[in-house]
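To keep things clear, I will list the structure first and then write my remarks on it.
A note on names: the letters A, B, ... follow the listed sequences, proteins ahead of strands, and every chain is numbered from 1. Just so we're clear, the structure is a prediction, and the values are computed from it rather than from any experiment. Just so it is clear, the values below take in all heavy atoms, side chains as well, and ignore hydrogens, waters and symmetry mates.
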Amino acid sequence: MPELPEVETVRDGLARHVLGTVVESVDVRRDYSVRRHAGGPMDFAAQLTGQTLSEAARRGKYLWLTLDGTDDALLGHLGMSGQLLVRTGAGLDVISPHLRVRIGLRSPDGDAMALDFVDQRTFGHLSVCELVPTPDGLPGGAGSQRAALPGAAAHIARDLLDPALAQGTPGRAGLVDAVRRRRTGIKRALLDQSVVSGIGNIYADEALWRAAMHYARPTAALTRAQVAQVLLAAEQVMREALAQGGTSFDALYVNVNGASGYFDRSLNAYGQEGQPCPRCGTPIRRDEFMNRSAFSCPTCQRRPRTPSR
DNA sequence: ATGCCTACCTGGGAGC
DNA sequence: TGCTCCCAGGTAGGCA
């Protein structure tokens, strides 16, 4: 499912293919896919039609296209199965079985195009949302780097690929402290998008495996160095996935599952129940966690004596 | 305020 | 072959 690397791949593809296009039509095929939009699907279409898409931005797993000359943006979240596909030429005849919204576009060259929102499981959604200035998205209150974010995403923290959270910056140190202030387990903290964004179940498990840390380790009992290590592991895993997936949008198409091709080859823990740990050979274990799964190596990632859930 | 849980939603695939 | 059921999980909102 799309987490930060996949969403960034989509954002990059949109930046290269749809900026400067004008919205000519909006076909909402499933009302549920237009959510958190005050006026509903009809208003969504009305607000988009005639607008020029002028910038492709992202915060965590939210991404948006700003509408030129307004304070509004087309905001999207891919949920767990969403895709944004650019259609051109004969591709316009392709109607995916899970097409939820088609946005008809006209390129600066006069070509007909479409931006298709395809989403099998319908956890994703689109809206038109006002951009609002945020006081400071940095954990720990460091710095003064304001940002204009869609109101619906204003509560989302910066992600580990955000320059403001680069290693050695006040932002990164503030994030470490913010994690340690939590009274919960490390995986819950990693998944909390208001602490650090972009990490989902897959990259959380992969980061914890790489850092050789159990998911239930209480954050408050971790040292700064341990928290920094986990965050670095998460950053590395996501950067590697981004490097592998970054070209898939050249074909105007992201894999059917919204993934970047990373998953086939490089997963060490997630989904690997019963498979040998690549580090020590112990079979990877699957636990129920937050009504989902947590995959870990029982040897490399030893459960703490007093685990946090 | 903070932490945790549940509902939302679909259809591919496993099991019979 | 055809049917049923399970499973995936990001997020908002509500609860304690």
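- As a whole-Å value, the separation of A/Leu190 CG from B/dG3 P is 14 Å.
- Regarding A/Gln120, its CD atom lies at a distance of 12 Å from the C1' atom of C/dC7, rounded to whole Å.
- Remark: P of B/dC4 and CZ of A/Arg182 are 9 Å apart, rounded to the nearest angstrom.
- Residue A/His125 has no polar side-chain atom (N or O) positioned under 4.0 Å from OP1 or OP2 of C/dG10.
- For a distance-only test at 3.5 Å, the side chain of A/Arg292 qualifies as a donor-acceptor partner of the base of C/dG10.
- The shortest distance between the side-chain N/O atoms of A/Arg183 and the OP1/OP2 oxygens of B/dA1 is not below 4.0 Å.
- Listed pair A/Arg286 / C/dA8 meets the phosphate criterion, a side-chain N or O lying under 4.0 Å from OP1 or OP2.
- A/His98 places its NE2 atom 12 Å from the C1' atom of B/dC9, with the value rounded to the nearest Å.
- Atom-to-atom, CE of A/Met80 to P of B/dG11 comes out at 13 Å; the value is rounded to the nearest Å.
- For the pair A/Asn201 and C/dA8, the criterion of a side-chain N or O lying under 4.0 Å from OP1 or OP2 is not met.
- The structure places CG of A/Leu231 at 7.0 Å from CD1 of A/Ile199, a figure rounded to the nearest 0.5 Å.
- The nearest heavy atom of DNA chain B to A/Met290 and to A/Pro97 marks one nucleotide each, and the one closer to the 5' end goes with A/Met290.
- Looking at heavy atoms from C-beta onward, A/Phe117 lies out of side-chain contact with A/Ile103 at the 4.5 angstrom threshold.
- Evaluation of the ring-ring contact (aromatic ring centres under 6.0 Å, His included) test over residues 78-116 of chain A, restricted to residues two or more places apart or in two chains, returns none.
- Taking only side-chain nitrogens and oxygens, A/Thr184 never comes nearer than 4.0 Å to OP1 or OP2 of B/dT2.
- A sub-4.0 Å separation between OP1 or OP2 of C/dG10 and a side-chain N or O of A/His77 is absent.
- The CG atom of A/Asn291 sits 12 Å away from the C1' atom of C/dA8 (whole-angstrom rounding).
- Counting only distance, with no hydrogens or angles, the side chain of A/Thr219 and the backbone of A/Gly185 share no donor-acceptor pair below 3.5 Å.
- Remark: A/Tyr270 is not in phosphate contact with C/dA8, judged by side-chain N or O atoms under 4.0 Å from OP1 or OP2.
- Using a distance-only test at 3.5 Å, with no hydrogens or angles considered, no donor-acceptor pair links the side chain of A/Arg302 to the main chain of A/Cys300.
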